[in-house]
Amino acid sequence: MWANSPIEVVLAIVLALAGVAAGALLAQQRLRLSGGNNPDELHVGAWTINTLAGSKAANALTRARIAISGILALDRKETVYYFCHNDDNGAPLDPDADWEITGQSFDCRWWSFTLYDEEFFLVDNPARRYSVHSDNVVFNPDGSYRIVISRNQHGANWLAAGNAKKISLTLRLYNPSDMVLNNLGGVKMPTVRRLTAQKSAA
Amino acid sequence: MIIALGLIAGLVLGFIVYRIVLQQVPVRLMTMAEQRLLTMRNNAANTFFHGRAPTAKARQIVMPSPDLVYSSCVYDLAKGPLRMQGNLPPSGHYWSLSLYAHNTDNYFVLNDRELPDRRFDLTLYPPSARVAEGKSAIKSPSQTGIALIRMIQRRDDDLAMIQASQQSTSCGLTQV
């Protein structure tokens, strides 16, 4: 038998409690929606796709992350979701700046870009411009499109940032083709670039 | 020795806490989603609630699609199976029925391309039911969950056909 001093006993209890706290902190950190390694996620340019969103095969981290930012997501055979929180250079999408999304159409039945606010709800704006989709987008003559995120009115392909404190973008591909499903990371994703500098605080 | 035990206990407890947090987050958020949807309909479970395309005022469920019209049903199979039926919008218009377990898994999806006769009729059974599953007989992994119908509204003119589909859609508890 070993005789343990009171200090050793206290230290052992502290170590055990520290483990509990570390577990909780690690979970909190992993639940952040960007960063960290998740084997279910792919990164394509500015976009992140969780290949098992909504799926029964999702790991616990995927299930928890999707529950936070997109509960009731569809399985990828029905809809593929791409999320964008940062631009092509990794800078967070700042609602005070204007942003440009340029790209081509997608191989699916229907697609849609939607802008969300800091709580992952639609951005309140008087014009009710919440999304640009394959039916209302105005294409350039070469078949590409240019969509602008801005607090101010910005033509036909405009996603209104309203008074949002933070913004993020979601691209949905409904009934994607087998080619898309078999190569989710190979889809040619649109570029996301800053158009204006951040406005300085008054 | 006891310090080493404390260290091992810390590692084991930390891993357990980490797993519990990740497992509980979806369940808790799903419970909140079910409660929020039930509040919108006077706590009526096992009934479809037919909505309109979400706006910024829709703040019950995160990341709503503004292009979809939703019909939702919070189900509770404690008293038996739930039968859901209705008509789809005309051919070419996207429609899907998806079922979500209490841990948020999307365990079943049916879309308009799989229903050429433009009608659906399926029965949702509790986890303990002994039933041969198929397109019209589904077993839920959990006693409670959410059934969600999505229809794309491309333009304002689509609303009439969407409402016609919604009016034909219903669900209710049935006998085994």
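In what follows, chains carry the letters A, B, and so on, assigned in the order in which the sequence lines appear, proteins first and then strands, with residues in each chain numbered from 1.
- At a 4.5 Å heavy-atom cutoff, the contact between B:Tyr100 and chain A is made by side-chain atoms alone.
- Across every non-hydrogen atom of B:Asn106 and A:Asp75, the tightest pair is OD1-N, 2.7 Å.
- Residue A:Met179 places its CE atom among 12 or fewer non-hydrogen atoms of other residues, nucleotides or ligands, all under 6.0 Å distant.
- Proximity to chain B is limited to the side chain of A:Asp117, based on heavy atoms less than 4.5 angstrom apart.
- Most heavy-atom pairs under 4.5 Å with chain B: of the set A:Asn175, A:Leu11, A:Leu25, this distinction falls to A:Asn175.
- Heavy-atom pairs under 4.5 Å with chain A were tallied for B:Thr55, B:Leu148, B:Asn103; the largest tally goes to B:Thr55.
- The part of B:Arg150 that comes within reach of chain A is its side chain, from C-beta onward, which places non-hydrogen atoms under 4.5 angstrom from that chain.
- Within a 6.0 Å radius of CZ in A:Phe139, more than 12 heavy atoms belonging to other residues, nucleotides or ligands are found.
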Please determine whether side-chain contact (heavy atoms from CB on, under 4.5 Å) holds for the pair B:Arg59 and A:Phe120, giving the CA-CA distance in whole Å, both sets of side-chain angles, and the decisive distance to 0.1 Å. CA-CA 9 Å; B:Arg59 303 185 85 82; A:Phe120 300 106; over 6 Å; no

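- Comparing A:Val14, A:Asp124, A:Ile71, A:Asn136 by heavy-atom pairs within less than 4.5 Å of chain B, the highest count is held by A:Ile71.
- A:Ala60 touches chain B through backbone and side chain together, each having a heavy atom under 4.5 Å away.
- The nearest pair of heavy atoms linking B:Leu13 to A:Ala16 is CD1-O, 4.1 Å.
- The closest donor-acceptor contact from the side chain of A:Tyr130 to the backbone of B:Ala56 lies under 3.5 Å.
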side-chain contact (heavy atoms from CB on, under 4.5 Å) assessment of A:Trp110 paired with B:Asp67: CA-CA 11 Å; A:Trp110 200 77; B:Asp67 314 308; 3.3 Å; yes

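- Between B:Arg113 and A:Arg109, the shortest heavy-atom contact is NH2-CD, 3.3 Å.
- Contact of B:Pro141 with chain A is not made at all, since no heavy-atom distance falls under 4.5 Å.
- Annotation: B:Asp156, atom CG; neighbour count of heavy atoms from other residues, nucleotides and ligands within 6.0 Å does not exceed 12.
- The side-chain heavy atoms of A:Leu72 and B:Met30, taken from C-beta on, include a pair separated by under 4.5 Å.
- For A:Ile13, no part lies near chain B; criterion is any non-hydrogen pair under 4.5 Å.
- For a residue to count as touching a neighbouring chain, one of its non-hydrogen atoms must lie under 4.5 Å from one of that chain's; by this rule A:Phe83 touches chain B with the side chain only.
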Does the side-chain contact (heavy atoms from CB on, under 4.5 Å) test come out yes or no for B:Val109 and A:Lys77, once each step is laid out? CA-CA 9 Å; B:Val109 185; A:Lys77 282 183 287 185; over 6 Å; no

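- Residue B:Arg52 places its CZ atom among more than 12 non-hydrogen atoms of other residues, nucleotides or ligands, all under 6.0 Å distant.
- A pairwise comparison of heavy atoms in B:Ile2 and A:Asn4 identifies CG2-OD1, 3.4 Å as the closest pair.
- Other residues, nucleotides and ligands contribute over 12 non-hydrogen atoms within 6.0 Å of the CG atom of B:Asp121.
- Of the two parts of B:Ala58, only the backbone, made up of N, CA, C and O, holds a non-hydrogen atom closer than 4.5 Å to a non-hydrogen atom of chain A.
- Contacts of B:Leu5 with chain A are absent, with no heavy-atom separation under 4.5 Å from either backbone or side chain.
- Only the side chain of B:Leu68 comes within contact range of chain A, judged by heavy atoms closer than 4.5 Å.
- Between the A:Asp135 side chain and the B:Arg154 main chain, no donor and acceptor come within less than 3.5 Å of each other.
- Remark: the backbone N or O of B:Pro64 is paired with a side-chain donor or acceptor of A:Tyr116 at under 3.5 angstrom.
- Neither the backbone nor the side chain of B:Ile8 comes within contact range of chain A, judged by heavy atoms closer than 4.5 Å.
- With contacts defined as side-chain heavy-atom distances shorter than 4.5 Å, the pair A:Arg63/B:Leu22 does not qualify.
- Counting heavy atoms from C-beta on, the side chains of A:Arg172 and B:Ser65 come closer than 4.5 Å.
- Between B:Tyr94 and A:Leu74, the closest heavy-atom pair is OH-CD1, 4.1 Å.
- A:Ala21 does not touch chain B: none of its heavy atoms, backbone or side chain, sits under 4.5 Å away.
- If you measure heavy-atom distances from A:Val9 to chain B, the contacts under 4.5 Å come from both the backbone and the side chain.
- Annotation for B:Arg119: atom CZ counts as buried by contact number, over 12 foreign heavy atoms lying within 6.0 Å.
- Considering every non-hydrogen atom in both A:Ala24 and B:Val17, the closest pair reads N-CG1, 3.6 Å.
- Taking the side chain as every heavy atom from C-beta outward, A:Val20 and B:Tyr18 never approach each other to under 4.5 Å.
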